[in-house]
Amino acid sequence: LASFHAEDDFMPRQLTKRGHRLVFSNGIIFLSGTAIVVLIVTGAKVDRLIPLYAIGVFTSFTLSQAGMAKHHLTHREPHWVYGLIVNGIGAALSFLVLVIVGITKFTHGAWVIIVLVPVLVAALARLNRQYEAEAEELERDAPAAASAPTLRRHAVIVLVDRLDAAAARAIQYARALHPDDLRAVHFDLDPVKTAHLIDAWQHLGFSRLPLDVVECPDRRIARAATHLVSDSLEDGDTEVSVLVPRVLYKHAWHRMLHDRTSDKITEALSGMPHSNVTIVPYHLGTSRVSAVVDGLSDAEVDVSTNGNGRRGAGASAPPSTVVTRAPLPLVDGAVPISDVRLRQRVRVAGRVHSVRIQPHGGVASLECTLVDDTGGIVLIFLGRRSVTGLGVGSLLVADGTVGEDRNRLAILNPIYEFSREAHVH
């Protein structure tokens with residue numbers, strides 16, 4: 001009976017599922033659990049169970065007989081008057097018995113059913129409206145989604161907390177997608193941990209795959225990820241896929257020992273247009289570690305990248321928040337970054353928002369995005385894998401001629417100096 005109601009969307013659809021023995025396993029389990037609760041509450045005494053049974057049975061009789069009487073009045077088929085009399089009398093007698101049982105047995109447990117039935121009916125009707133609303137929305141949006149044009153670019157971002165087998169598996173899968181822009185991103189929450197990641201990235205064969213280290217001063221990773229994806233969506237012609245490595249544990253108590261930050265990131269990003277989040281699982285305890293790492297040797301990693309530093313059009317920007325940070329340096333002769341123009345000799349000052357290690361024209365290079373209150377510009381240190389003292393949050397003053405690198409304004413090998421606040425987190 002529950003499966004019939006579930007097929008009409010008046011009960012949870014899980015009750016329509018058959019088990020491997022071709023019976024309605026979920027319905028059987030639900031019925032068994034409910035029966036156990038009723039037996040425990042009533043002490044398994046028949047005189048307490050009879051009112052519950054009688055109220056349910058005579059309510060059903062009353063509704064079915066009244067429904068048939070309504071059917072005869074509506075359709076007026078041959079001999080409908082006879083059917084109306086029989087079903088009308090049946091409905092009246094059933095309703096009379098229902099009222100008598102409800103009054104005489106009200107204090108003996110009948111009140112539970114009398115109160116519970118209207119509540120259940122209202123809840124199931126609300127469930128039906130929810131199912132219908134979901135189906136209507138999905139059907140309404142399906143033609144538009146199917147006919148929507150394919151976006152020109154595909155960018156893939158792999159979120160990396162540390163360099164391990166789970167991250168390596170996610171990178172391996174990202175390469176198989178053959179995107180136009182592939183990069184790994186690490187949110188800088190701990191300078192020591194970030195330094196270890198950069199060192200491992202250079203020594204374990206990943207130096208040809210860009211690693212972006214992005215500041216996250218308020219430690220809200222989901223918000224920082226939203227900003228990151230919004231930047232990639234800015235041109236309105238890019239589909240973004242975010243790969244989140246997730247370690248799967250054998251036992252439930254193992255899962256309790258680890259946080260679920262990936263769930264917050266997934267929830268924050270999945271609602272943005274043209275933003276897709278994929279969980280890349282790694283089953284802990286498998287023997288595939290060496291195979292995954294060997295499959296990601298530096299000689300095999302060959303990707304093309306294309307960055308963009310503008311805010312995403314059409315993407316839902318995260319809510320603003322107040323973060324306490326050291327003030328940006330005030331430097332004589334420094335111009336706002338938003339006023340910088342191509343082929344102009346400028347002096348700019350700001351905070352390092354992100355750091356990227358990647359090849360530039362076949363030569364190892366270090367890139368960083370310098371931001372002030374007006375915008376950002378890329379600084380490229382050609383031939384260098386690291387700059388002493390330079391990291392996410394550093395306050396920096398740079399001089400140089402503005403050029404263009406992958407559709408971004410950039411200064412190649414700038415003359416630089418750190419402000420009095422050498423590093424800020």
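The residues Lys193 and Asp188 are annotated as not salt-bridged, no charged nitrogen and carboxylate oxygen being separated by less than 4.0 angstrom. With respect to the salt-bridge test (charged N to carboxylate O, under 4.0 angstrom), the residues Arg162 and Asp164 qualify. With respect to the salt-bridge test (charged N to carboxylate O, under 4.0 angstrom), the residues Arg129 and Glu136 do not qualify. Under 4.0 Å is where a charged nitrogen must lie from a carboxylate oxygen, and between Arg223 and Asp218 at least one such pair does.
When all heavy atoms of Glu7 and Thr16 are compared, the closest pair comes out as N-CG2, 3.7 Å. Here the shortest heavy-atom pairing between Pro118 and Ile113 reads CD-O, 4.2 Å. Considering all non-hydrogen atoms of both residues, Leu84 and Ala69 come closest at CD1-O, 3.6 Å. Residues Pro179 and Val156 approach most closely at CB-CG2, 3.4 Å, considering heavy atoms. Pairing each heavy atom of Ala268 with each of Ala222, the nearest pair is CB-CB, 4.0 Å. Of all non-hydrogen atoms in Leu15 and Ala6, the two that sit nearest each other are CB-CB, 4.1 Å.
Residue Phe61 qualifies as open at atom CZ: its count of foreign heavy atoms under 6.0 Å is 12 or below. Enclosure of atom CG in Leu342 by more than 12 non-hydrogen atoms of other residues, nucleotides or ligands within 6.0 angstrom is indicated. No more than 12 heavy atoms of other residues, nucleotides or ligands sit less than 6.0 Å from atom CZ of Arg21. Around the CZ atom of Arg219, the shell of radius 6.0 Å holds no more than 12 heavy atoms that belong to other residues, nucleotides or ligands.
Residues Leu390 and Val355 are in side-chain contact: their nearest non-hydrogen atoms beyond the backbone lie under 4.5 Å apart. The shortest distance between side-chain heavy atoms of Glu215 and Val352 does not fall below 4.5 Å. Leu379 has its side chain within reach of Phe381: a pair of non-hydrogen atoms, C-beta onward, lies under 4.5 Å apart. Between Val244 and Val280 the shortest side-chain heavy-atom distance does not fall below 4.5 Å. Counting only heavy atoms from C-beta outward, the side chains of Leu211 and Arg356 never approach each other to under 4.5 Å. Using a 4.5 Å heavy-atom cutoff, the side chains of Leu127 and Phe10 are not in contact. Counting heavy atoms from C-beta outward, Phe187 and Thr194 have side chains that stay 4.5 Å or more apart. Between His186 and Val214 there is no side-chain heavy-atom pair separated by less than 4.5 Å.
Geometrically, Arg18 engages Phe24 in a cation-pi contact defined by less than 6.0 Å to the ring centre and at most 45° from the axis.
Within the 3.5 Å criterion, the main-chain N or O of Gly375 finds a donor-acceptor partner in the side chain of Asp372. In this structure a side-chain-to-backbone donor-acceptor pair under 3.5 Å is missing from Ser275 to Val229. Between the side chain of Asn87 and the main chain of Gln65, no donor-acceptor pair closer than 3.5 Å is present. The main-chain N or O of Ala166 is never found under 3.5 Å from a side-chain atom of Arg169 such that the two would form a donor-acceptor pair. Checking side-chain atoms of Ser230 against main-chain N and O of Thr226 turns up no donor-acceptor pair under 3.5 Å. Remark: the backbone N or O of Asp9 is paired with a side-chain donor or acceptor of Asn128 at under 3.5 angstrom. With hydrogens and angles disregarded, no donor-acceptor distance shorter than 3.5 Å links the side chain of Tyr282 to the backbone of Ala168.
Interatomic distance, CG of Leu269 versus CE of Met272, reported as 6.5 Å (0.5 Å rounding). Going from atom NE2 of His283 over to atom CG of Leu248 covers 5.0 Å, rounded to the nearest 0.5 Å. Rounded to the nearest 0.5 angstrom, Ile198 CD1 and Ser386 OG are separated by 8.5 Å. Rounded to the nearest 0.5 angstrom, Ile100 CD1 and Phe95 CZ are separated by 11.0 Å. With rounding to the nearest 0.5 Å, the separation of OH in Tyr82 from NE2 in His79 is 10.5 Å. Atom CG of residue Asp373 and atom CD1 of residue Ile337 lie 9.5 Å apart, to the nearest 0.5 angstrom.
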Note to self: For Ile55 and Lys105: C-alpha separation, side-chain torsions, deciding distance, then whether side chain to side chain contact (heavy atoms under 4.5 Å, CB included) applies.
What the structure shows: CA-CA 10 Å; Ile55 292 293; Lys105 298 295 185 178; over 6 Å; no

* Asked: Taking it one step at a time, do Asn276 and Val242 satisfy side chain to side chain contact (heavy atoms under 4.5 Å, CB included)?
  -> CA-CA 6 Å; Asn276 313 280; Val242 180; over 6 Å; no

Q.
As a quick check of understanding, evaluate salt bridge (Lys or Arg N to Asp or Glu O under 4.0 Å) for Arg152 and Asp237, giving each step before the final call.
A. CA-CA 6 Å; Arg152 182 177 57 85; Asp237 201 18; 3.0 Å; yes

With side chain to side chain contact (heavy atoms under 4.5 Å, CB included) as the criterion, how do Thr59 and Val57 come out once you've worked through the C-alpha distance, each side chain's angles and the decisive distance to 0.1 Å?
CA-CA 5 Å; Thr59 299; Val57 168; over 6 Å; no

Exercise for the section: Test side-chain hydrogen bond (donor to acceptor under 3.5 Å, both in side chains) on Ser354 and Asp212 and set out the steps. Expected result: CA-CA 6 Å; Ser354 65; Asp212 289 359; 5.8 Å; no

ask   = Run the side-chain hydrogen bond (donor to acceptor under 3.5 Å, both in side chains) check on Ser232 and Arg153 step by step: do they pass?
value = CA-CA 10 Å; Ser232 299; Arg153 296 184 66 254; over 6 Å; no

Residue pair Val101, Phe106: steps toward the side chain to side chain contact (heavy atoms under 4.5 Å, CB included) verdict: CA-CA 8 Å; Val101 173; Phe106 185 83; over 6 Å; no

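Between the side chains of Arg351 and Thr369, no donor-acceptor pair of N or O atoms lies under 3.5 Å. Side-chain contact check for Asn26 and Gln14: no donor-acceptor pair (N or O, by modelled atom type) lies under 3.5 Å. Side-chain atoms of His154 and Thr238 include no donor-acceptor pair closer than 3.5 Å.
Residues satisfying the side chain to side chain contact (heavy atoms under 4.5 Å, CB included) test with Glu267, not counting sequence neighbours, are none. Residues passing the salt bridge (charged side-chain N to carboxylate O under 4.0 Å, His left out) test with Asp339: none are found, sequence neighbours excluded.
Using bins of under 30°, 30° to 60° and over 60° for the plane-to-plane angle, the ring pair His75/His71 lands in the tilted bin.
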